[in-house]
Amino acid sequence: MDKIKMTTPIVEMDGDEMTRILWKMIKDNLLLPYIDLKTEYYDLGLEHRDATNDQVTIDAANATKKYKVAVKCATITPNAARVEEYHLKEMWKSPNGTIRAILDGTVFRAPIVVKGIEPCVKNWKKPITIARHAYGDVYKAAEMKIPGPGKAELVYTAEDGTETRETIHDFTCPGIIQGMHNITPSIESFARSCFNYALGTKQELWFATKDTISKKYDHTFKDIFQEIFDQEYADKFKEAGITYFYTLIDDAVARVMKSEGGYIWACKNYDGDVMSDMISSAFGSLAMMTSVLVSPDGNFEYEAAHGTVQRHYYKHLKGEETSTNSVATIFAWTGALRKRGELDGNKELSAFADRLEKATIDTIESGEMTKDLALITTIEHPTVLNSEDFIKAIAKRL
């Protein structure tokens with residue numbers, strides 16, 4: 001049969017460990033037989049990042065600015081143990097953090113809902129989308145170990161040389177400090193991305209942080225959201241019949257647990273990181289969570305919300321069978337292909353993405369699934385498939 005043609009490439013960012021194995025299986029079984037796949041390939045595997053001094057990550061992010069659409073495999077953010085394991089030159093920063101900083105986007109994460117995988121929270125009926133700010137805070141923090149007694153200060157030196165100082169702590173013993181930052185244009189982009197996404201999906205928008213404790217840092221986020229909403233979006237939200245409100249993050253957590261879902265919950269960078277894992281796990285599995293980075297100038301980077309599945313990779317290296325859930329990685333590809341189709345006016349490509357998603361969901365709902373889902377499904381007598389056979393079962397339906 002004739003393969004679906006593409007006119008513009010997608011930026012393809014390969015990754016690490018078990019997700020890298022799945023990446024190739026997905027391409028070989030689900031994409032290449034049907035699409036004349038055009039990608040600009042970047043190897044973001046840890047060894048290649050180390051060999052290029054992480055330049056490959058920067059190049060991939062800049063290519064995304066050029067082509068507007070990217071798809072990314074899960075990657076390792078190295079800790080001390082990984083530095084030793086992979087004999088790295090240094091402890092490279094999170095590739096996702098680097099890409100997010102360059103694209104200045106907001107990450108929207110939502111669970112993939114299928115019949116037979118019921119949420120742990122019994123009253124959740126609709127997906128809850130986490131909108132995660134994708135710049136700064138602890139991901140760009142400067143840290144220091146304090147060896148002993150002394151004074152730690154925040155110091156801002158203006159261009160004219162004047163200094164502003166704030167005491168962090170007068171240490172009488174060893175300790176630690178951390179300096180975080182964010183920038184007003186990025187917070188404004190975050191707010192507009194959230195408001196636009198809410199209007200596009202016609203969903204209520206919440207924003208939650210801790211301004212009662214962080215009276216300058218978090219309060220600035222709250223103020224910027226409110227100013228932009230009042231000046232640019234209040235009438236549009238009223239017309240669309242949706243609402244925006246701010247609440248403290250602890251209040252938001254309590255509201256979320258009692259809600260039915262069906263809204264967007266906007267969070268600062270770290271809060272969004274943690275809460276998206278909580279939402280995805282409570283909806284069924286970390287491997288059933290989509291993630292898309294949307295930048296204000298129209299760039300899109302799709303990925304799975306989970307990590308590299310290290311434990312399964314070590315089993316795979318020993319020749320043992322694995323049953324790794326590839327759904328979120330498949331949906332990263334479908335999201336990117338659909339968006340590429342939309343931007344290029346390629347309806348065939350977008351329709352293929354819809355069909356692949358339907359084939360994936362139908363496979364699970366028919367009772368064929370990976371072990372993680374079989375352990376929690378309400379479907380009777382599910383068939384547990386290994387990593388490759390699950391992808392092949394989807395291919396058969398497709």
Side-chain angles (χ1 to χ4, degrees), residues 100 105-111 119-141 154 166 168-169 177-199 201 203-234 236-238 240 242-283 289 291 305:
R100 287 168 193 154
T106 297
V107 178
F108 293 92
R109 288 182 171 169
C120 296
V121 182
K122 64 180 186 294
N123 42 285
W124 285 358
K125 308 282 188 253
K126 304 169 193 167
I128 296 165
T129 300
I130 296 287
R132 174 186 171 188
H133 187 213
Y135 176 80
D137 300 350
V138 294
Y139 300 86
K140 285 282 182 183
L154 280 176
E166 190 79 44
I168 297 169
H169 189 65
I177 59 171
Q178 182 183 69
M180 295 194 318
H181 81 279
N182 223 291
I183 53 174
T184 300
S186 182
I187 302 168
E188 290 170 346
S189 293
F190 173 40
R192 289 191 177 95
S193 293
C194 291
F195 293 133
N196 288 333
Y197 200 85
L199 286 169
T201 56
Q203 291 183 94
E204 188 174 84
L205 174 66
W206 307 6
F207 176 52
T209 182
K210 194 72 174 176
D211 68 292
T212 50
I213 302 299
S214 178
K215 295 183 192 302
K216 291 180 183 173
Y217 200 102
D218 284 20
H219 213 299
T220 298
F221 276 80
K222 176 187 176 183
D223 290 344
I224 287 171
F225 261 74
Q226 196 61 54
E227 284 164 19
I228 289 175
F229 178 75
D230 292 343
Q231 290 168 16
E232 301 175 32
Y233 290 95
K236 292 175 186 173
F237 267 56
K238 193 174 181 182
I242 56 174
T243 56
Y244 162 70
F245 70 89
Y246 171 83
T247 184
L248 287 171
I249 190 143
D250 35 354
D251 177 49
V253 171
R255 284 174 182 249
V256 163
M257 300 310 288
K258 292 180 178 179
S259 74
E260 285 194 349
Y263 49 82
I264 300 161
W265 178 11
C267 297
K268 283 169 57 200
N269 208 343
Y270 176 77
D271 298 338
D273 192 356
V274 175
M275 293 306 172
S276 65
D277 279 7
M278 184 270 286
I279 294 287
S280 62
S281 188
F283 264 100
M289 190 83 163
S291 181

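Quick caveat: nothing in here was measured; it's all calculated off a predicted structure. For the numbers below, each heavy atom of this structure counts, side chains included, while hydrogens, waters and symmetry mates do not.
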Notebook entry, point to check: Between Arg255 and Asp251, is there a side-chain N and carboxylate O pair less than 4.0 Å apart?
Noted result: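 Salt bridge present between Arg255 and Asp251.
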
So, the side chain of [X] versus the backbone of [Y]: is there a donor-acceptor pair under 3.5 Å, distance only?
X	Y	result
Ser276	Asp273	yes
Ser214	Lys210	no
Lys215	Thr212	yes
Asp211	Leu248	no

Which atoms form the tightest heavy-atom contact between [X] and [Y], and what is the distance?
X	Y	result
Ala134	Asn269	C-ND2, 3.9 Å
Asn123	Met257	ND2-O, 3.1 Å
Ala198	Ile264	CA-CD1, 3.5 Å
Lys268	Asp218	NZ-OD1, 2.6 Å
Met180	Ala141	CG-CB, 4.1 Å
Cys194	Ala266	SG-CB, 3.9 Å

To the nearest 0.5 Å, what is the distance between [atom1] ([X]) and [atom2] ([Y])?
X	Y	atom1	atom2	result
Ser189	Ile183	OG	CD1	8.5 Å
Tyr139	Asn182	OH	CG	12.5 Å
Tyr263	Thr129	OH	OG1	10.0 Å
Ile228	Asp223	CD1	CG	11.0 Å
Phe221	Cys267	CZ	SG	11.5 Å
Arg192	Tyr233	CZ	OH	6.0 Å

Next item on the list: Apply side-chain contact (heavy atoms from CB on, under 4.5 Å) to Ser259 and Trp124, showing your working.
Entry: CA-CA 6 Å; Ser259 74; Trp124 285 358; 4.0 Å; yes

Next item on the list: List the steps, then state whether side-chain contact (heavy atoms from CB on, under 4.5 Å) holds for Tyr270 with Asp137.
Entry: CA-CA 7 Å; Tyr270 176 77; Asp137 300 350; 5.7 Å; no

Note to self: Distance alone, cut at 3.5 Å: any donor-acceptor contact between the side chains of Tyr135 and His181?
What the structure shows: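 Judged by distance alone, the side chains do pair up.
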
Find out whether [X] and [Y] are in side-chain contact, i.e. whether some heavy atom of one side chain is under 4.5 Å from a heavy atom of the other.
X	Y	answer
Val256	Val121	no
Ile177	His169	no
Lys126	Gln203	no

Margin query: Is it true that, when you exclude Glu166 itself, more than 12 heavy atoms of the residues, nucleotides or ligands shown sit nearer than 6.0 Å to its CD?
Written below: no

Margin query: One pair to check against ring-ring contact (aromatic ring centres under 6.0 Å, His included): Tyr244 and Phe237. What are the steps and the verdict?
Written below: CA-CA 8 Å; Tyr244 162 70; Phe237 267 56; 7.0 Å; no

Next item on the list: Give me the ring orientation class for His133 and Phe190: parallel if the planes are under 30° apart, tilted from 30 to 60°, perpendicular past 60°.
Entry: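 Ring orientation, 0 to 90° scale: parallel.
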
Next item on the list: Determine, step by step, whether Ile128 and Phe283 satisfy the side-chain contact (heavy atoms from CB on, under 4.5 Å) criterion, reporting the C-alpha distance in whole Å, the side-chain angles of both residues, the deciding distance to 0.1 Å, and the verdict.
Entry: CA-CA 9 Å; Ile128 296 165; Phe283 264 100; 4.1 Å; yes

Next item on the list: Could you walk me through whether Phe225 and Tyr246 pass ring-ring contact (aromatic ring centres under 6.0 Å, His included), step by step?
Entry: CA-CA 9 Å; Phe225 261 74; Tyr246 171 83; 8.6 Å; no

Checklist line | Check against side-chain contact (heavy atoms from CB on, under 4.5 Å), Trp265 and Thr247 | finding: CA-CA 10 Å; Trp265 178 11; Thr247 184; over 6 Å; no

